[in-house]
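Okay, structure first, notes after.
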Amino acid sequence: MKLFVSEASKPVAKALKDCRPHLVRVGLFSALVNLLYLAPTLYMMQVYDRVVPTGGVGTLLWLTLILAAAIGTLTTLDGVRSKLMVRAALRLNTSLASTILTRILSTRDNKGASPEAPMALRDLDSLRQSMTGPGMMALFDAPWMPIYLLAAYTLHPLLGLLICIGGAILVTLAIISERVARTGNRASHRALSQANAAQEALISHGEVIRSLGMRDALSMRHNMERTSALLVGAQTQLAASRYSSLVKFVRMFLQSLALGAGALLAVKGEISAGSIIAASVLLSRALQPIEQLVGAWPALTVARQSYLSLNALFAGDKDEEERKMLLPDPTGAVEISNLTLRNADASGFIIRGISFAMKPSQTVGLIGPSGAGKSTIARIVAGAIKPDVGDVRIDESAFDDWDQEKLARHIGYLPQDYRLIPGTVAENISRFAGMRGEESDEIDQKVIRAATIAGIHGMISHLPLGYNTPIGLASAGLSGGQTQRIALARALYGDPKILIFDEPSAALDAEGEQALMRAVEAARLWGASILMVAHRAFVLSNADWLVVVRDGVVERQGPREEVVDSLKQDVERQNVVAMARA
């Protein structure tokens with residue numbers, strides 16, 4: 001794996017370490033396979049030097065039997081090492097696949113994920129497939145080239161020298177080919193990553209695209225982007241194919257040249273007639289791995305780029321094995337201090353110096369005009385993204401001091417984008433707790449309790465399969481209101497001590513709003529602190545504390561009655577000023 005010439009990140013290094021036993025065995029079997037590849041050469045030498053001159057049919061029979069045993073052993077070992085490479089590839093996938101997805105889902109960077117991030121699992125597939133390809137086998141065969149070189153020198157030093165010269169020429173061509181392909185493959189990989197990410201975004205917005213008549217225009221634009229990316233890769237492949245053809249020419253010419261050199265040495269009486277054929281076979285076998293490497297180089301460079309992309313995905317990560325202190329379950333006390341976040345290109349601020357507190361059994365209302373930064377604050381408090389400056393403390397412990405996965409079980413978050421995940425209704429409400437090993441009976445009780453508090457137990461019971469009703473992509477089969485209320489039940493699952501609702505009444509009818517208010521009151525009774533982002537006064541009628549945000553900063557905050565009165569006074573003053581100007 002030194003081909004990739006880069007220090008591996010810890011997850012990647014661990015995965016490669018898991019594969020090492022298989023790779024070591026492949027290396028050992030490669031040594032035996034390459035030794036056994038000498039059998040046909042020795043067979044031909046014995047046939048031409050011993051059998052033909054003497055007419056020894058018995059000798060020919062025994063030589064053939066020995067050759068059959070050698071080739072049978074060779075093919076068996078070759079098959080075994082191929083299976084070992086497949087097992088190594090599967091081990092790599094087992095070690096890295098879930099880690100990669102966890103890393104992507106754990107990203108709390110508001111600057112936007114790299115376009116390569118959604119392609120990380122495809123990068124893993126590319127790396128895995130390269131392990132079972134001919135290029136990787138050629139890598140294991142290339143170190144045993146000295147076996148054939150030594151055999152050729154045994155026949156005659158000139159033949160060994162010919163192999164050295166041929167090998168040097170092919171290695172030089174391989175290095176030049178790699179350098180030519182490196183930049184192009186990197187650019188092609190990035191361009192294809194961006195094109196595929198854009199394609200997935202288009203598919204996810206299919207309904208809007210069709211409804212607004214953007215289908216043909218966006219299809220044309222995406223086709224242009226994809227074609228541009230493929231052209232970069234095609235140019236690289238064309239350059240590589242030229243070197244591949246040149247390598248094939250050199251190898252075939254040298255093989256014929258070995259025959260000529262062998263014939264010349266045989267005429268002079270320096271080698272036997274059988275050695276003429278042996279020289280050609282030895283040179284061909286010695287140079288074959290290098291030829292295969294040059295032919296497989298585009299695939300290997302793509303695998304190398306995939307390897308570097310996976311390393312970049314984990315760059316800057318702390319030790320994954322670092323154990324978090326086991327903190328007690330949170331009580332719901334949250335302190336938001338000096339939250340500041342820049343926009344994606346760092347040209348301005350989304351929010352600046354946001355500070356307020358949330359107490360158990362208290363509802364905090366977050367209000368302000370569109371674009372004020374309310375949803376950003378909600379996302380930070382929920383742990384979805386990380387601020388540039390400031391922190392969120394839960395029970396006086398910083399957010400990063402908690403085990404994120406365990407802390408999240410005590411947080412209920414209902415975002416504006418309240419999509420459900422493919423699975424059953426019960427699995428969505430339970431946050432797929434069954435996959436964590438929780439008892440099914442306990443999960444069922446919690447699911448029904450959350451659905452009852454959200455006021456949707458009856459609605460779910462009338463679905464075709466009740467709680468086992470499957471939910472497809474984009475919550476297919478459910479209305480917007482049904483989807484949001486199931487998402488509300490998901491937020492309430494397990495009686496979390498911290499609840500964050502971002503515009504929770506956006507898709508709700510009057511009945512849904514009433515159910516939401518009852519759910520908020522129930523959460524207050526079990527001691528949850530609640531952050532409610534909303535525009536509509538009805539939703540905030542039971543708020544204890546209001547925080548008014550404008551242009552990314554806190555304009556005012558305080559008890560609900562005081563803030564509402566001050567806002568009314570501001571409106572009255574603005575009306576007076578407007579009338580005076582009129």
Side-chain angles (χ1 to χ4, degrees), residues 2-3 27-28 30-53 63 67 70-71 74 78 134-180 240-297 300:
K2 293 295 184 183
L3 163 73
L28 293 175
S30 296
L32 296 174
V33 164
N34 281 276
L35 281 171
L36 289 170
Y37 266 121
L38 291 173
T41 303
L42 296 173
Y43 177 77
M44 285 185 291
M45 288 181 63
Q46 295 303 312
V47 167
Y48 281 98
D49 293 345
R50 294 180 183 274
V51 175
V52 173
L63 285 174
L67 176 66
I71 292 178
L74 184 155
D78 196 34
M136 191 61 68
M137 286 302 182
L139 279 176
F140 279 98
D141 286 337
W144 305 109
M145 180 179 169
I147 292 177
Y148 307 100
L149 180 62
L150 180 61
Y153 263 108
T154 302
L155 294 177
H156 195 280
L158 178 61
L159 299 176
L161 180 62
L162 193 60
I163 290 178
C164 288
I165 293 173
I169 293 173
L170 294 187
V171 168
T172 301
L173 290 174
I175 292 173
I176 295 174
S177 176
E178 190 276 335
R179 289 183 177 177
V180 169
S241 67
R242 289 195 292 269
Y243 285 99
S244 180
S245 300
L246 184 57
V247 165
K248 183 175 291 187
F249 164 79
V250 171
R251 198 264 300 168
M252 294 181 68
F253 177 74
L254 286 173
Q255 188 175 355
S256 299
L257 188 62
L259 281 173
L264 178 62
L265 293 172
V267 169
K268 291 183 177 182
E270 297 184 26
I271 61 174
S272 65
S275 298
I276 299 175
I277 305 298
S280 177
V281 173
L282 285 172
L283 185 140
S284 176
R285 181 57 198 167
L287 300 184
Q288 184 180 5
I290 301 177
E291 182 183 6
Q292 288 177 337
L293 278 176
V294 175
W297 206 260
L300 289 175

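Atoms considered below: every heavy atom in the structure, side chains included; atoms not considered: hydrogens, waters and symmetry mates. These numbers were taken from a predicted model, which means no experiment stands behind them.
- A distance-only check finds a donor-acceptor pair linking the side chain of Thr154 to the backbone of Leu150 [under 3.5 Å].
- Rounding to the nearest 0.5 Å gives a distance of 8.5 Å between CD of Gln288 and OH of Tyr148.
- Taking the side chain as every heavy atom from C-beta outward, Met44 and Ile276 never approach each other to under 4.5 Å.
- The side-chain heavy atoms of Arg285 and Asn34, taken from C-beta on, include a pair separated by under 4.5 Å.
- With a 4.5 Å cut-off on side-chain heavy atoms, Met145 and Leu287 count as touching.
- Listed by chain and residue number, Leu159 satisfy the side-chain contact (heavy atoms from CB on, under 4.5 Å) test with Ala279 (two or more places apart in sequence, or in another chain).
- Between Tyr48 and Pro53 the shortest heavy-atom distance is O-CD, 3.3 Å.
- Applying the side-chain hydrogen bond (donor to acceptor under 3.5 Å, both in side chains) criterion to Asp78, with sequence neighbours excluded, gives Arg81.
- Partners of Tyr43 under the side-chain hydrogen bond (donor to acceptor under 3.5 Å, both in side chains) rule, at least two apart in sequence or in another chain, are Thr64.
- Partners of Leu149 under the side-chain contact (heavy atoms from CB on, under 4.5 Å) rule, at least two apart in sequence or in another chain, are Tyr153, Ile163, Cys164.
- Taking every heavy atom of both residues into account, Ser30 and Phe140 meet most closely at OG-CB, 3.5 Å.
- You'll find the side chain of Leu155 stays beyond 4.5 Å of the side chain of Leu265, heavy atoms only.
- Closest approach of Leu254 and Gly166 over heavy atoms only: CD1-CA, 3.2 Å.
- Taken from CG in Leu74 to CG in Leu32, the straight-line distance is 9.5 Å, to the nearest 0.5 Å.
- When the side-chain contact (heavy atoms from CB on, under 4.5 Å) test is applied to Ile71, the partners found at least two apart in sequence or on another chain are Leu67, Thr75.
- In terms of heavy-atom proximity, Ala39 sits nearest to Ala70 at CB-CB, 3.7 Å.
- Of all the heavy atoms in Pro146 and Pro143, the pair that sits closest is CD-O, 3.1 Å.
- Among pairs with a residue in residues 267-277, those fulfilling side-chain hydrogen bond (donor to acceptor under 3.5 Å, both in side chains) read Asp49-Ser272, His156-Glu270, Ser272-Ser275, at least two apart in sequence or across chains.
- For the atom pair CD1 (Ile147) and CG (Leu282), the distance works out to 11.0 Å, reported to the nearest 0.5 Å.
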